[in-house]
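Written below as structure tokens is the structure these notes are about.
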Amino acid sequence: MIKCCIGIMAYNEEANIANLLNELIQQNTDQVAIDQIVVVASGCTDRTEEFVHDVAKQHNKIKLICQRERKGKASAVNALLDEIDYEIVVLQSADTLPTPTTIENLVAKFEDPDIGMVGGRPIPVNSPDTFMGYAAHLLWELHHQISLRRPKMGELIAFRNIFKQIPYDTAVDEASIEPLIVGQGLKLIYAPDAVVRNKGPLTINEFLRQRKRIFAGHLYVQDMLGYRVSTMNGFRAGYQFLRLFNLEWRHIFWGPLVVGLELLARMLAIYDYSIWKRKPYAWTMAESTKDLIEAP
């Protein structure tokens with residue numbers, strides 16, 4: 001059995017945290033043992049901690065770490081790494097939900113000793129029949145197609161615990177872990193069968209804020225760690241978009257609009273990061289992504 005610890009970094013996640021913990025407790029595993037689930041609640045002002053305590057009363061493998069101040073996700077990840085001593089660590093975003101075999105399909109890949117990090121496949125719950133739902137599905141499908149060729153980590157990852165911490169002022173923990181693994185001669189792989197459900201933003205304003213923060217985080221990783229994640233390459237993303245393009249009306253009318261929004265978000269990120277020198281490590285939440293009901 002491959003033992004692992006699952007870490008969940010949470011800031012005001014009362015809408016989803018209990019559902020997530022229950023889904024993780026009920027995972028179907030064969031080669032993998034989920035030994036501990038640790039929630040790091042960072043400066044929460046809602047009922048997140050209360051809900052974690054309620055589930056933990058029924059399952060002693062769940063542990064809560066409370067950070068009274070919100071210092072960003074990287075700080076929460078480092079608090080987790082200081083607390084645990086497991087060879088395999090899983091990080092799952094608090095606003096996502098796994099399928100019954102997600103953790104098995106993710107962690108079982110570490111049977112190969114050359115594997116250092118594994119990324120799962122996010123699939124939005126949004127309806128693709130609305131513009132914002134279509135945007136979420138298009139972006140994550142592009143992420144999927146790129147990752148099949150050059151793995152890019154996001155939303156759900158697992159890695160070998162071979163470093164002490166990640167940079168405290170990074171906004172993209174997954175991207176910051178990639179070079180720490182590759183730099184030690186281990187491989188990154190993508191596990192498309194390790195599906196995790198997430199929810200895309202329901203407004204253009206939230207979409208731009210979220211995409212801007214992520215790209216600014218990737219610029220930071222490039223500058224500070226000398227590492228470019230695979231999705232930063234605009235030509236690679238453009239090529240995959242053209243491969244997916246078809247004569248269905250949404251692709252014709254909405255597809256170019258989504259591309260335009262992504263380009264705008266990237267330009268805003270460059271302006272914020274390069275001109276204003278902003279480091280968005282404590283990000284503004286996209287409120288509409290937190291409740292994983294079937295989204296409009």
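For this chain, numbers begin at 1 and follow the sequence in order.
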- line: Heavy-atom closest pair (Val40 atom, Ala79 atom, distance to 0.1 Å) is CG1-CB, 4.5 Å
- request: State, to 0.1 Å, how close Cys44 and Ala41 come at their nearest heavy-atom pair, and which atoms those are.
  value: SG-CB, 3.8 Å
- prompt: Should Ser93 and Leu156 count as side-chain neighbours, where that means a heavy-atom distance under 4.5 Å?
  reply: no
task: Report yes or no: is the cationic atom of Arg70 (NZ for Lys, CZ for Arg) under 6.0 Å from the centre of the six-membered ring of Tyr11, at an angle within 45° of the ring normal?
output: yes
- prompt: Is there a side-chain contact (heavy atoms from CB on, under 4.5 Å) between Glu83 and Ile65 once you walk through the steps?
  reply: CA-CA 9 Å; Glu83 184 71 24; Ile65 298 174; 3.7 Å; yes
query: Distance from Gln240 atom CD to His143 atom NE2, nearest 0.5 Å?
result: 12.5 Å
task: Evaluate side-chain contact (heavy atoms from CB on, under 4.5 Å) for Val39 paired with Lys63, printing each intermediate quantity in order.
output: CA-CA 6 Å; Val39 179; Lys63 179 177 181 178; over 6 Å; no
message: Whether the side chain of Lys57 engages the backbone of His53 through a donor-acceptor N/O pair (distance < 3.5 Å, no angle test) should be reported.
response: no
- line: Closest non-hydrogen contact found for Pro167 with Ser176 is CD-CB, 4.2 Å
- request: Kindly give the heavy-atom pair with the smallest separation between Pro192 and Leu148, and that separation in Å.
  value: CG-CD2, 4.3 Å
- line: On a heavy-atom basis, the closest approach of Gly7 and Leu80 is CA-CD2, 3.8 Å
task: Identify whether Trp140 and Val125 are in the same connected component of the hydrophobic contact network (ILVMFWY, side-chain heavy atoms under 4.5 Å).
output: no
task: Assess whether side-chain hydrogen bond (donor to acceptor under 3.5 Å, both in side chains) is satisfied between Thr102 and Thr99, documenting all intermediate values.
output: CA-CA 5 Å; Thr102 293; Thr99 67; 2.7 Å; yes
task: Measure the spacing between CE of Met1 and CG of Asp35 and express it to the nearest 0.5 Å.
output: 10.0 Å
query: More than 12 foreign heavy atoms under 6.0 Å from CZ of Arg150: is that the case here?
result: no
- prompt: Would you find more than 12 non-hydrogen atoms of other residues, nucleotides or ligands less than 6.0 Å from Asn60 atom CG?
  reply: no
message: So for atom OH, which belongs to Tyr239, do other residues, nucleotides or ligands contribute more than 12 heavy atoms lying within a distance under 6.0 Å?
response: no
task: Decide salt bridge (Lys or Arg N to Asp or Glu O under 4.0 Å) for Lys212 and Glu262; before the verdict, give the C-alpha distance in whole Å, the side-chain angles of both, and the deciding distance to 0.1 Å.
output: CA-CA 8 Å; Lys212 181 179 73 169; Glu262 176 67 15; over 6 Å; no
message: Tell me whether the rings of Trp254 and Tyr134 are parallel (<30°), tilted (30 to 60°) or perpendicular (>60°).
response: tilted
query: Mind checking whether Phe241 and Leu138 have side chains closer than 4.5 Å, heavy atoms only?
result: yes
field: Evaluation steps, side-chain hydrogen bond (donor to acceptor under 3.5 Å, both in side chains), between Glu104 and Gln27
entry: CA-CA 8 Å; Glu104 173 77 12; Gln27 286 288 291; over 6 Å; no
query: Tyr190 and Met153: side-chain contact (heavy atoms from CB on, under 4.5 Å), yes or no, with the steps?
result: CA-CA 8 Å; Tyr190 175 53; Met153 309 292 141; 5.7 Å; no
field: Asp129 atom CG: more than 12 heavy-atom contacts under 6.0 Å
entry: yes
query: For the atom pair NE2 (His137) and NE2 (His144), what is the distance rounded to the nearest 0.5 Å?
result: 13.5 Å
message: Tell me if the CD atom of Glu69 is crowded by more than 12 foreign heavy atoms within 6.0 Å.
response: no
message: Hydrophobic clustering (ILVMFWY, side-chain heavy atoms < 4.5 Å, transitive) - are Leu91 and Ile181 grouped together?
response: yes
- prompt: Between Asn78 (side chain) and Ile166 (backbone), is there a donor-acceptor pair under 3.5 Å?
  reply: yes
- prompt: Would Ile34 and Val196 show up in the same hydrophobic cluster when neighbours are defined by side-chain heavy atoms closer than 4.5 Å?
  reply: yes
- prompt: Could you state the interatomic distance from OG (Ser75) to CD (Gln67), rounded to the nearest 0.5 Å?
  reply: 4.0 Å
message: Heavy-atom count check: over 12 atoms from other residues, nucleotides or ligands less than 6.0 Å from Phe253 CZ?
response: no
- request: Answer with yes or no whether the side chains of Tyr227 and Glu178 bring together a donor and an acceptor at under 3.5 Å.
  value: yes
task: Please step through side-chain hydrogen bond (donor to acceptor under 3.5 Å, both in side chains) for the pair Thr48 and Asp46, ending with a clear verdict.
output: CA-CA 6 Å; Thr48 297; Asp46 65 352; 2.8 Å; yes
task: Kindly indicate whether the side chain of Ile8, heavy atoms from C-beta on, has any atom under 4.5 Å from the side chain of Glu13.
output: no
message: Closer than 3.5 angstrom, by distance alone: can the side chain of Thr96 be matched with the main-chain N or O of Arg197 as a donor-acceptor pair?
response: no
message: Hydrophobic clustering (ILVMFWY, side-chain heavy atoms < 4.5 Å, transitive) - are Val172 and Leu225 grouped together?
response: yes
- request: Could you go through the side-chain contact (heavy atoms from CB on, under 4.5 Å) check for Ile37 and Ile25 one step at a time?
  value: CA-CA 9 Å; Ile37 301 171; Ile25 288 292; 3.9 Å; yes
query: Passes salt bridge (Lys or Arg N to Asp or Glu O under 4.0 Å), Asp223 versus Arg228? Steps please.
result: CA-CA 9 Å; Asp223 284 353; Arg228 281 172 61 90; over 6 Å; no
- prompt: When you measure from the side chain of Asn198 to the backbone N and O of Pro122, does any donor-acceptor pair fall under 3.5 Å?
  reply: no
- prompt: Between CG of Leu142 and OG1 of Thr231, what distance do you get to the nearest 0.5 Å?
  reply: 10.0 Å
From CD1 (Ile189) to CG (Asp114), nearest 0.5 Å: 10.5 Å
query: Is Met117 reachable from Ile146 through a run of I, L, V, M, F, W or Y residues, each pair having side-chain heavy atoms under 4.5 Å apart?
result: no
message: Strictly distance-based, threshold 3.5 Å: is any side-chain N or O of Arg160 a donor or acceptor partner for the main-chain N or O of Ile115?
response: yes
message: Donor-acceptor pair, distance only, cut-off 3.5 Å: does the side chain of Asn19 make one with the backbone of Leu97?
response: no
